[in-house]
Trainee: 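Structure below; questions to follow.
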Amino acid sequence: MVEDSELLDVICDGPFVSTNTSDDPAVKVPTTRKEFNDADHKAIEKNFQAKKILVCGIGPNEYNKISTCQSAKEIWEPLQTAHEGTTQVKQSKIDMLTTKYELFRMKDDESIQDMHTRFMSTINELHSMGEIISRNKLVKKILSVLPSS
C-alpha cells in the first residue's frame, strides 16, 4: 500500500524535475542541486521514498532487473509488467480465473475448509487483477457447490 498519494504520483508519473525558465519561456532548463529550494528538496525526496518502498518489497531476482533504475517509475514499470503482464496478458489471466470461478466445484474427497481455501485463492487472484465479485454472489456460489449432505 502506498504511504501517500504523492508517492503514487511519483511511481506512476515519474520523478519531480526542478526547472528554471530561460530567455525563451518554452525552454525549461533543469535546476542544479545548489539552486534547489525547500519545496524542490521535498519533491525530490518523494522519489527516494518511493524507490525505497519498491526496492524493499522485492526479492534478489527482481532486484537484479531494476538495480540500474534511477527513478521509482523506472523501477515500477518492469515490476508491473512482470507481475501483471501486458494488457492482453492481464485480460487473459482474468478470463482464465473467471472461467475457473464459474466452473468451481467441490471435490469428492475434499473438506469444506480445503474447498473454501481453494475458492478464496481464486477469488483473491481475481481481486488482485481488479475483478471484484460481490459478496452476495460469492455466498451463492459457495452454497451451490456444497454437497447436499
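The shown structure was predicted, so the numbers you read here are calculated from the model rather than taken from an experiment.
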Trainee: Which pairs of donor and acceptor atoms, one on a side chain in residues 53-67, lie under 3.5 Å apart (sequence neighbours left out)?
Mentor:
{"residue": "E62", "atom": "OE2", "partner": "H83", "partner atom": "NE2", "Å": "2.2"}
{"residue": "N64", "atom": "ND2", "partner": "P60", "partner atom": "O", "Å": "3.4"}

Trainee: So how far is it from L79 CG to I11 CD1, rounded to the nearest 0.5 Å?
Mentor: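 Rounded to the nearest 0.5 Å, the CG-CD1 separation comes out at 10.0 Å.
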
Trainee: Please report the interatomic distance CD1(I123) to CD1(I133), rounded to the nearest 0.5 Å.
Mentor: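 Spacing of CD1 (I123) from CD1 (I133) equals 4.0 Å.
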
Trainee: Looking at NZ of K46 and NZ of K42, how far apart are the two atoms once the value is rounded to the nearest 0.5 Å?
Mentor: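 One finds 9.5 Å between NZ of K46 and NZ of K42.
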
Trainee: Which atom names give the shortest non-hydrogen contact between L7 and A50, and what distance separates them?
Mentor: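 Closest approach of L7 to A50: CD2-N, 3.8 Å.
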
Trainee: May I ask whether V89 and L97 are part of the same hydrophobic cluster, defined by side-chain heavy atoms of I, L, V, M, F, W, Y residues being less than 4.5 angstrom apart, directly or through others?
Mentor: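 The answer is no; the residues belong to distinct hydrophobic clusters.
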
Trainee: What do the steps show when you test E74 against T68 for side-chain contact (heavy atoms from CB on, under 4.5 Å), and what is the final call?
Mentor: CA-CA 9 Å; E74 288 177 31; T68 59; over 6 Å; no

Trainee: Counting N and O atoms only, with roles assigned by atom type, does the side chain of N47 sit under 3.5 Å from a partner on the main chain of A72, one being a donor and the other an acceptor?
Mentor: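 Indeed, once roles are kept as given, a pair shorter than 3.5 Å links the two residues.
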
Trainee: Apart from L103 itself, what residues make up its hydrophobic cluster when side-chain heavy atoms of I, L, V, M, F, W and Y under 4.5 Å apart count as a link, directly or indirectly?
Mentor: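 Hydrophobic cluster check, L103: no partners found.
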
Trainee: For E77, check salt bridge (Lys or Arg N to Asp or Glu O under 4.0 Å) against everything at least two apart and list the hits.
Mentor: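 Applying salt bridge (Lys or Arg N to Asp or Glu O under 4.0 Å) to E77 gives K73.
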
Trainee: Check side chain to side chain donor-acceptor pair (under 3.5 Å) between Q80 and all other residues, then give those that pass, not counting sequence neighbours.
Mentor: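 In terms of side chain to side chain donor-acceptor pair (under 3.5 Å), with neighbours along the sequence ignored, Q80 is linked to W76.
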
Trainee: Any side-chain hydrogen bond (donor to acceptor under 3.5 Å, both in side chains) pairs touching residues 88-98, not counting sequence neighbours?
Mentor: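 Found Q91-D95.
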
Trainee: Who passes side-chain contact (heavy atoms from CB on, under 4.5 Å) against N136, sequence neighbours left out?
Mentor: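 So N136 forms a side-chain contact (heavy atoms from CB on, under 4.5 Å) with S134, K140.
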
Trainee: Are L143 and M120 connected into the same hydrophobic cluster when the rule is that any two of I, L, V, M, F, W, Y join if their side-chain heavy atoms are below 4.5 Å apart?
Mentor: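 Yes, M120 and L143 fall within the same hydrophobic cluster.
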
Trainee: NZ of K141 to CZ of F104: how many Å apart, nearest 0.5 Å?
Mentor: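 Answer rounded to 0.5 Å: 8.5 Å.
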
Trainee: Going by the rule side-chain contact (heavy atoms from CB on, under 4.5 Å), which residues pair with D9 if we only count those two or more places apart in sequence or in a different chain?
Mentor: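 Counting only residues at least two positions away or on another chain, D9 forms a side-chain contact (heavy atoms from CB on, under 4.5 Å) with D13.
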
Trainee: Apply side-chain contact (heavy atoms from CB on, under 4.5 Å) to E131 and list each qualifying residue two or more places apart in sequence or on a separate chain.
Mentor: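 So E131 forms a side-chain contact (heavy atoms from CB on, under 4.5 Å) with I94, L126.
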
Trainee: Suppose the criterion is salt bridge (Lys or Arg N to Asp or Glu O under 4.0 Å): which pairs have a residue in residues 99-117, not counting sequence neighbours?
Mentor: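 Listed by first then second residue: E110-R118.
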
Trainee: Which residues pass the side-chain contact (heavy atoms from CB on, under 4.5 Å) test with Q113, sequence neighbours left out?
Mentor: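 So Q113 forms a side-chain contact (heavy atoms from CB on, under 4.5 Å) with S111, T117.
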
Trainee: For residues 40-62, which residue pairs qualify under ring pair (Phe, Tyr, Trp, His ring centres under 6.0 Å), counting only residues two or more places apart or in two chains?
Mentor: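 Ring pair (Phe, Tyr, Trp, His ring centres under 6.0 Å) check on residues 40-62 returns F36-H41.
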
